[in-house]
Amino acid sequence: MVQEKIIEVNNLTASFGNKEVLKGVSFSAYKKEITVIIGGSGSGKSTILNNLLRLYEPPANCVKIFNRDVTTLTEEELTRFYIKTGVFFQNGALLNSLTTGENIALNLEQHSNLPSAIINDIVKMKLKLVNLEDAFNLYPSQLSGGMLKRAALARAVIMDPPLLFCDEPGAGLDPVSLANLDQLIIDLRNKMNMTIVMITHEVSSIMRIADKIIFLDKGEIIFEGSPNDAVKSNIKAVEDFFGKGRGM
Amino acid sequence: MEENSPKNSNFSFNQNVLFIKDRLEIDNAAKLVREALKRLSSKNRPNHLIIDLSQLKDADSAGITSIFYLKKEYEKCNITTEIKYASKKISEKLELFKPSNYQHIEKNKTFNLFYLFGEKAYKFLSEEIVSFFLLIANISFWSFTDLFKKKQRRKGETVNQAVAIGVNAVPIIVALSFIIGLVLALQSASQLRNFGADIFIVDLVVIAMMAEMGPLITAILVAGRSGSAIAAEIATMKVTSETDALKTMGINPLRFVVIPKVYGGVMTMPFLAMIANVCGIAGGAVAAWAYLDITPAMFITRMSESIYQKDILTGVIKSIVFIITIVITGTYFGLRVKEGARGVGIATTQSVVAAISLVIIADSILGLIFY
């Protein structure tokens, strides 16, 4: 069976001033696949994510999501795209002035006509999904690092997005919390049929979660394949990345 | 056979059966809920309802939650409700999103007004007042102790604070106190003229400015300008763990951050108050000259008779008390911040309101003591 292509990146370039950050990057992400983008600092990972989310303006025809060139989306279509796309920010980016429940409900309240009783039920259900039942009435400042990440994940999936972007979700977590978060992301992918694109530096996390790895070095993809292939790779940068990771 | 099927909808009613077909998602679930609830209050509401999902191809969490919500609402009205004929895919989603998974999660109940008031009052008395007085004691102790321990102070910091709190406030204080003196004299002039007591405008302006208005206007302006800055600075330091970092370096944040502000404020505030006095009186002199034909020479002669040393001293003492109140209030609200960006905003607002209120209360008490 041919897999459905959700993201198609074709010869994507980007520069900041004279510095070329992405030098013709091409890859695809398929339905229900977890694609992990890795690479050293300054390799262009976040630039790719920002282009995919159209936070930066990519060149025309370089980024297609759900078979649409993202540069052709009108303002209204872009809003619709954001509603249907979950984004999990590195630091959670929850609004400190709202409780966890209110943070998670925000998207639904703004973009649906559902009665508040149903919105509350959906929020509770999503909190249950991320094992954070006790946090409904707590403010972000009252959550631990792991709880904050799970709350951010619940917020990212509140609209049942078919596509989820995660920017270093495991940063700053202890190994146990990280493993739990990884399992949660895998469960959500399975239960909600999501396609996930993730940036991470955590080797253990990559080995657990990734279906496909895209390795960036100085704005170019130097490796694309499964985690097992990555571990066996002879490419120096890839070898160093996984070698050091295993040795830790 | 369909009894009721709203236009362009993916659901229909047939006696006691609710058919839902195609897709039930965030976009169309609200319509279904609205129509189904409307039916509850209609004449032909059923005694038993079957929600038939045989034609439902897909649903998201909002769609499934809406189905369970309808079941709950119908059952509240004693209408037994069954969800039937779901495909395997939909059954899995019904299982995943079933209410028993999350119904134990409770939203905070809003307590009644008396409870909330009582709780706030108790918290205010038992925690806030106590910690405010502890902070006063702490700052007083370190302000006194550090006078004799030069090494503990960062070089140049007291001067920096004196410039920030005092020198930089001079233009605004000059402008506003001149205007207030001018307006004060203008407002009083017509009344005094009616009684032929024109010359007493000098006494009125001089005494009002020296004993009351000068120090008070200065304190209110400094509370708004520097009090808010102190609260915001300390709150931001607290939120970003800078105060913790200082503690872990063995540095007392109060001594490092607050005491130089106390010294800087105490050094400059009496001068600010005096500048306010002079400018206010100058404003009054201009109004007296323009409106009552009292020349500057006459004004100065009369002024020398109406100024008492006590008024000058009172103004100086008041301004010192006011600046200490402002610094302590800013510090207190800065240190008690709990949340991030929002907390800093709240702390700043509260500190300005509290500082101005406390300055006015202190002014009343000092007024009672000195007069």
Side-chain angles (χ1 to χ4, degrees), chain A residues 80 83-84 86 91-102 104-105 107-143 148 154 157-162 187-188 190-194, chain B residues 23-38 58-73 76 89 92-111 235 238-241 337-347:
Chain A
R80 200 84 211 133
I83 293 169
K84 284 287 178 187
N91 55 5
L94 297 180
L95 304 183
N96 277 311
S97 54
L98 306 180
T99 63
T100 306
E102 289 165 343
I104 296 169
N107 213 343
L108 269 176
E109 280 169 356
Q110 295 291 314
H111 300 296
S112 82
N113 299 320
L114 291 167
S116 58
I118 293 184
I119 291 179
N120 265 333
D121 281 353
I122 298 171
V123 170
K124 289 174 189 174
M125 176 214 304
K126 294 289 156 78
L127 280 172
K128 169 70 188 166
L129 275 182
V130 297
N131 303 318
L132 207 59
E133 298 98 309
D134 300 333
F136 190 90
N137 297 302
L138 298 180
Y139 284 91
S141 57
Q142 297 170 299
L143 303 181
L148 203 68
V157 300
I158 188 67
M159 304 295 278
D160 292 2
D187 286 349
L188 283 174
N190 294 341
K191 285 172 181 169
M192 298 168 76
N193 294 328
M194 280 189 296
Chain B
R23 303 172 73 86
L24 187 61
E25 294 172 328
I26 288 170
D27 298 334
N28 56 14
K31 191 176 179 187
L32 165 73
V33 172
R34 212 168 39 239
E35 293 295 329
L37 291 182
K38 238 189 245 172
D58 202 359
D60 63 9
S61 54
I64 300 291
T65 312
S66 300
I67 293 172
F68 283 120
Y69 175 75
L70 284 180
K71 183 174 188 296
K72 188 174 79 182
E73 291 301 304
K76 267 190 206 165
K89 184 179 177 183
E92 280 173 3
K93 292 204 170 179
L94 288 169
E95 179 59 27
L96 178 64
F97 300 138
K98 67 184 176 192
S100 58
N101 285 343
Y102 57 82
Q103 64 193 7
H104 58 285
I105 306 172
E106 282 295 321
K107 195 176 181 182
N108 264 357
K109 287 191 174 65
T110 318
F111 296 104
K238 182 93 190 296
V239 167
T240 53
S241 303
V337 71
K338 282 183 183 128
E339 300 154 32
R342 182 176 176 248
V344 176
I346 292 172

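Basis for what follows: all heavy atoms, side chains included, without hydrogens, waters or symmetry-related copies. Protein chains get the first letters and strands the later ones, always in sequence-line order, with residue 1 at the start of each.
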- Message: Between B:Phe97 and A:Ile122, is there a side-chain heavy-atom distance shorter than 4.5 Å?
- Response: no
Item checked: Within-4.5 Å side-chain heavy-atom neighbours: B:Ile26 and A:Met159 -> yes
* To do: Would you indicate whether the side-chain heavy atoms of B:Ser66 and A:Leu114 approach each other to under 4.5 Å?
  => yes
Okay, A:Asp134 and chain B: the region with an atom under 4.5 Å from a heavy atom over there is neither
Strictly below 4.0 Å, N to O, side chains only: are A:Arg80 and B:Asp27 in salt-bridge contact? yes
Cut-off 4.5 Å, heavy atoms of chain B, and the answer for A:Leu129 is side chain
Output for pair (B:Ser61 OG, A:Met125 CE), nearest 0.5 Å, gives 5.0 Å
Closest heavy-atom pair, B:Thr65 versus A:Ile118, reported as atoms and distance to 0.1 Å, is CG2-O, 3.9 Å
Other residues, nucleotides and ligands only: do more than 12 of their heavy atoms fall within 6.0 Å of CG on A:Asn113? no
When the 4.5 angstrom heavy-atom criterion is applied to A:Ile119 and chain B, the contacting part is neither
So, the part of B:Lys72 with a heavy atom under 4.5 Å from chain A: the answer is side chain
